[in-house]
Amino acid sequence: MTNSAPTPQELLAIAVEVARDAADTAYRMRVEGVEVAATKSTVTDVVTAADRAVERQILDALAARRPGDSVLGEEYGEKAPGEARNGVRWIIDPIDGTVNYLYGLRHSAVSLAVEVDGVVVAGVVRNLYTGEEWTATAGGGAWRDGVRLRCSGETDLGQALVGTGFGYDAARRAHQAKVVAGLIAHVRDIRRLGAAAIDLCLVAEGRLDAYFEKGLAAWDLAAGGLVAAEAGVRVAGLAGRAPGPDLVVAAPPALFAPLHDRLAALDASGGP
């Protein structure tokens with residue numbers, strides 16, 4: 001960590017303040033009515049006006065508090081001030097679970113993480129409907145509502161409730177469906193809730209035993225991945241690779257190997 005960087009706890013305090021305000025804005029805009037502003041990878045991969053407005057609010061808030069930092073956001077991409085030399089970068093998902101948000105399903109969140117010299121050191125995920133808020137700092141544990149989180153103690157994959165998600169491209173979804181079909185007989189059940197950041201937080205507190213998904217971007221993973229890791233979850237890719245777009249597997253240590261091996265056999269990181 002660079003000498004000029006604040007502590008993870010100081011960065012988390014900023015993240016929490018900014019994320020709470022952003023979640024309030026997203027909720028208010030949902031009550032007022034949702035407008036689809038654009039589509040991305042496919043016609044079902046939507047961007048709402050709220051996605052853009054909330055990210056702009058977060059960008060402005062961070063610029064006021066930390067003007068020298070760089071930012072990576074889902075909607076507006078990378079913004080790196082030319083004078084930035086402190087190694088601090090914020091990673092923003094203004095509304096994780098946009099389709100849920102579009103339909104009024106109560107499983108959407110603002111996700112905000114911050115990394116220093118390429119390592120995520122603090123993050124917050126806030127459900128904009130329920131106010132549930134998960135936080136973590138590197139080495140400082142994962143928390144919700146003042147309670148320190150620990151992941152599931154389940155040791156039998158056959159008794160594990162596993163979360164996952166699907167991409168928007170039809171060919172990718174078809175491959176992911178085959179993976180789910182090959183996995184479901186080997187676990188308790190599978191849930192597809194539609195917001196990766198929240199799913200990772202649910203693994204952190206044992207409301208899901210494990211989770212996997214192909215296609216996650218940095219903004220999907222950064223804050224929720226830190227929360228999970230600080231709760232004792234192993235968060236990785238297949239065959240020793242780092243978690244990322246190819247695959248993210250998040251599971252307690254006792255479940256990671258059997259889930260990993262089953263997913264590898266099913267070519268979960270393959271396909272389109």
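Along the sequence shown, residues are numbered consecutively beginning with 1. The analysis underlying the following values was restricted to heavy atoms, covering all of them including side chains, and did not include hydrogens, waters or symmetry mates.
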Exercise for the section: Measure the shortest side-chain to side-chain distance between Leu255 and Pro252 over non-hydrogen atoms and say whether it is less than 4.5 angstrom. Expected result: yes
Handout entry: Transitive ILVMFWY side-chain link Val116 to Ile14, under 4.5 Å
Key = yes
Completion exercise
Heavy atoms of Ala19 and Val124 approach each other most closely as CB-CG1, 3.7 Å
Practice task
Look at the side-chain heavy atoms of Ile, Leu, Val, Met, Phe, Trp and Tyr, link any pair under 4.5 Å apart, and say whether Trp90 and Val121 land in one connected group.
Solution key: yes
Practice task
Report the residues that fulfil side chain to side chain contact (heavy atoms under 4.5 Å, CB included) with Asp189, sequence neighbours left out, ordered by chain and then residue number.
Solution key: Leu161, Ile184, Arg191
Exercise for the section: Scan residues 197-211 for pairs that pass side chain to side chain donor-acceptor pair (under 3.5 Å), counting only residues two or more places apart or in two chains. Expected result: His107-Asp199, Glu132-Arg207, Trp134-Glu205, Arg144-Glu205, Ser152-Asp209, Glu205-Arg207, Tyr211-Glu213
Problem - Connected via hydrophobic side-chain network under 4.5 Å: Leu193 and Val248 - result: yes
Handout entry: His186 NE2 to Arg262 CZ distance, which is reported to the nearest 0.5 Å
Key = 3.5 Å
Exercise for the section: Could you walk me through whether Val54 and Leu128 pass the side-chain contact (heavy atoms from CB on, under 4.5 Å) test, one step at a time? Expected result: CA-CA 12 Å; Val54 171; Leu128 59 93; over 6 Å; no
Problem - Which atom of Thr155 lies closest to which atom of Ala254, heavy atoms considered - result: CG2-CB, 3.9 Å
Practice task
Kindly say whether Ala196 contributes a backbone atom to a donor-acceptor pair with the side chain of Asp96 at under 3.5 angstrom?
Solution key: yes
Problem - Step-by-step side-chain contact (heavy atoms from CB on, under 4.5 Å) determination, Lys178 to Asp267 - result: CA-CA 10 Å; Lys178 292 178 182 178; Asp267 191 27; over 6 Å; no
Problem - Closest contact, heavy atoms only, Leu12 versus Gly123 - result: CD1-O, 3.4 Å
Problem - Between CZ on residue Arg106 and CG on residue Asn127, distance to nearest 0.5 Å - result: 7.5 Å
Handout entry: Verdict with reasoning, Val235 to Leu221, per side-chain contact (heavy atoms from CB on, under 4.5 Å)
Key = CA-CA 10 Å; Val235 183; Leu221 175 62; 4.2 Å; yes
Handout entry: Asp51 and Thr98: side chain donor to acceptor below 3.5 Å
Key = yes
Completion exercise
Rounded to the nearest 0.5 angstrom, the CG-CZ distance for Asn86 and Arg89 is 12.5 Å
Exercise for the section: Starting at OG of Ser269, measure out to CZ of Arg241 and round the result to the nearest 0.5 Å. Expected result: 5.0 Å
Exercise for the section: Answer yes or no: is there a donor N or O on one side and an acceptor on the other, between the side chain of Glu78 and the main chain of Gly73, under 3.5 Å? Expected result: no
Exercise for the section: May I ask whether Ile190 and Leu216 are part of the same hydrophobic cluster, defined by side-chain heavy atoms of I, L, V, M, F, W, Y residues being less than 4.5 angstrom apart, directly or through others? Expected result: no
Practice task
Indicate yes or no: does Asp60 engage Arg56 in a salt bridge with an N to O separation below 4.0 Å.
Solution key: yes
Practice task
State plainly whether one hydrophobic cluster holds both Leu259 and Phe166, where clusters connect Ile, Leu, Val, Met, Phe, Trp and Tyr through side-chain heavy atoms under 4.5 angstrom apart.
Solution key: yes
Problem - Gly141 backbone acceptor or donor facing Glu230 side chain under 3.5 Å - result: yes
Practice task
State whether Tyr76 and Arg52 meet the cation-pi test: NZ (Lys) or CZ (Arg) under 6.0 Å from the six-membered ring centroid, and within 45° of the perpendicular axis.
Solution key: no
Problem - Mutual orientation of the aromatic rings belonging to Tyr101 and Tyr129 [parallel < 30°, tilted 30-60°, perpendicular > 60°] - result: tilted
Completion exercise
Rounded to the nearest 0.5 angstrom, the CD-CG distance for Glu17 and Leu112 is 11.5 Å
Exercise for the section: Begin with the C-alpha distance, continue with both residues' side-chain angles, and end with the deciding distance and a verdict on side-chain contact (heavy atoms from CB on, under 4.5 Å) for Val125 and Glu133. Expected result: CA-CA 6 Å; Val125 177; Glu133 183 178 89; over 6 Å; no
Practice task
Kindly give the heavy-atom pair with the smallest separation between Met29 and Ala53, and that separation in Å.
Solution key: SD-CB, 3.9 Å
Problem - Any Asp156 side-chain heavy atom under 4.5 Å of Glu154 side chain - result: yes
Exercise for the section: Each residue besides Val120 in its hydrophobic cluster should be listed here, by chain and number; the cluster joins Ile, Leu, Val, Met, Phe, Trp and Tyr at side-chain heavy-atom distances under 4.5 Å. Expected result: Leu226
Problem - Side-chain donor or acceptor of Thr164 paired with backbone N/O of Phe212 under 3.5 Å - result: yes
Completion exercise
Of all heavy-atom pairs linking Leu238 and Ala264, the shortest is CD1-CA, 3.9 Å
Handout entry: Pairwise side-chain contact, Tyr27 with Val31, heavy-atom cut-off 4.5 Å (strictly under)
Key = yes
Practice task
Determine the minimum heavy-atom distance between His175 and Pro272, stating which atoms define it.
Solution key: CB-CD, 4.2 Å
Completion exercise
Here the gap from His260 atom NE2 to Leu247 atom CG, rounded to the nearest 0.5 Å, amounts to 8.5 Å
Handout entry: Check: Asp169 main-chain N/O paired with Arg173 side-chain donor or acceptor under 3.5 Å
Key = no
Problem - Any Val203 side-chain heavy atom under 4.5 Å of Val227 side chain - result: no
